[in-house]
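Heads up, the thing below is written out as structure tokens.
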There are 2 protein chains.
Amino acid sequence: MSISSRFAVGIHILTLLEFNKKGVNSSEFLAGSVNTNPAVIRKIMGMLKKAGLVKVQPGVAGAELAKNIADITLLDVYRAVNVVPEQELFSIHESPNPQCPVGRNIQDAILPLFGTAQLAMEKALGSVTIEDIWEDIKLNDRD
Amino acid sequence: MSISSRFAVGIHILTLLEFNKKGVNSSEFLAGSVNTNPAVIRKIMGMLKKAGLVKVQPGVAGAELAKNIADITLLDVYRAVNVVPEQELFSIHESPNPQCPVGRNIQDAILPLFGTAQLAMEKALGSVTIEDIWEDIKLNDRD
DNA sequence: TCACTTGTAATCATTTTAGTTACAGGTTAA
DNA sequence: TTAACCTGTAACTAAAATGATTACAAGTGA
């Protein structure tokens, strides 16, 4: 399975808020760039808001960034949009046979290893900011 | 979303083959330890076989390891059981708006970053072998 | 008041997972 | 050769998740 594209959309939205920071960023406008439904945007927006990454008000059109894009890492977005259950990127089969030495120990043996792998990935996400993405786009616009 | 438990089950099976290497490892026996259906085991077994990790023969009961457990990394298992589409741990929304500078560049900007994060995780998996797990279980058997 | 927006719930088609049943075909022993 | 047992596979199911869509209550401001 793949990690939900909510993550990529979240990144897209934040970058777009920077690009269009002088304009009015309604959910419909954002949806137009992402190419999806405004309700999808609003749902993701709610998550980004709860994480303190954006400012939105009921009834008033236009979202804004709540932080400098240099201070928003991909890990922040990843956590905000809740694409992976905390500490459970990898799922482990439940209730292996406790009568079997392998069965009764396999979970404890595997869990920390999976945790390490997940952490390695999250660390990589934590080292990149929305600003990095924005700079990349400014430099390499593929018209 | 989480990565399929096929991965954890694959690790379980390989460790169990080492534990019971003098016994007869039928799909029913393995299923008993994993606590699932024999057909599920046979399906995963087919993937491990295709990856050259186990030896199984149609009609004859009992699977064997095809390699030394010190030479089987978690990454080998992960690849074998096909839990993540190659180079696509993270999915990206398709067809963002090409009229928008952010929309037309976001995929190219994000892809290599996602790739780096995925690689970091896979590297972590590549540094652990089934032997490590087997040794852990032998040392820390929780009776 | 009116037009417009956000927040949110409900619904839907699609996809994936894990389990289950069924059975064709290989293998071995009696 | 027959009988018992196994693997390989396909088909089907229930449950869960995704992303899209519709609908509407409630907030905002001209």
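Here the structure is a predicted model, which is why all the values come from computation and not from measurement. Residue numbers start from 1 in every chain, and the chains themselves are labelled A, B, ... in the order their sequence lines are given, proteins ahead of strands.
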Self-check item: Interface with DNA chain D, restricted to residues 37-64 of chain A and to heavy atoms under 4.0 Å
Solution: A:Asn37, A:Ala39, A:Val40, A:Arg42, A:Pro58, A:Gly59
Rounded distance (Å) that lies between atom [atom2] of [N] and atom [atom1] of [X]:
{"X": "A:Arg6", "N": "D:dA17", "atom1": "CZ", "atom2": "C1'", "answer": "9 Å"}
{"X": "A:Asn35", "N": "D:dG19", "atom1": "CG", "atom2": "C1'", "answer": "12 Å"}
{"X": "A:Glu94", "N": "D:dA15", "atom1": "CD", "atom2": "P", "answer": "16 Å"}

Self-check item: Phosphate-side-chain proximity, B:Ser4 and C:dA18, N/O vs OP1/OP2 below 4.0 Å
Solution: yes
Practice problem: Would you indicate, yes or no, if C:dA18 has its OP1 or OP2 atom less than 4.0 angstrom from a side-chain nitrogen or oxygen of B:Ser5? | Solution: yes
Quiz item: When you look at A:Arg6 and A:Met47, which way does the side chain to side chain contact (heavy atoms under 4.5 Å, CB included) test go after all the steps?
Solution: CA-CA 10 Å; A:Arg6 270 206 310 280; A:Met47 300 182 185; 4.0 Å; yes
[X] side-chain N/O to [Y] backbone N/O, donor-acceptor pair under 3.5 Å:
{"X": "A:Ser33", "Y": "A:Leu30", "answer": "no"}
{"X": "A:Asn20", "Y": "A:Leu16", "answer": "no"}
{"X": "A:Asn97", "Y": "B:Gly32", "answer": "yes"}

Exercise. Verify the cluster assignment for A:Val84 and B:Leu119: are they in a single hydrophobic cluster under the rule of side-chain heavy atoms below 4.5 Å apart?
Key: no
Quiz item: Is the B:Phe7 ring parallel, tilted or perpendicular to the A:Phe90 ring (thresholds 30°, 60°)?
Solution: tilted
Quiz item: Angle class for the A:His93/B:His12 ring planes (parallel below 30°, perpendicular above 60°, tilted otherwise)?
Solution: tilted
Quiz item: Roughly how far apart are A:Ile92 CD1 and A:Phe114 CZ, rounded to 0.5 Å?
Solution: 5.5 Å
Quiz item: Out of D:dA20, D:dT18, C:dA18, which has the shortest distance to the side chain of A:Thr36?
Solution: D:dA20
Quiz item: Which residues, if any, of residues 7-32 of chain A bring a heavy atom under 4.0 Å of DNA chain C?
Solution: A:Ser26, A:Ser27
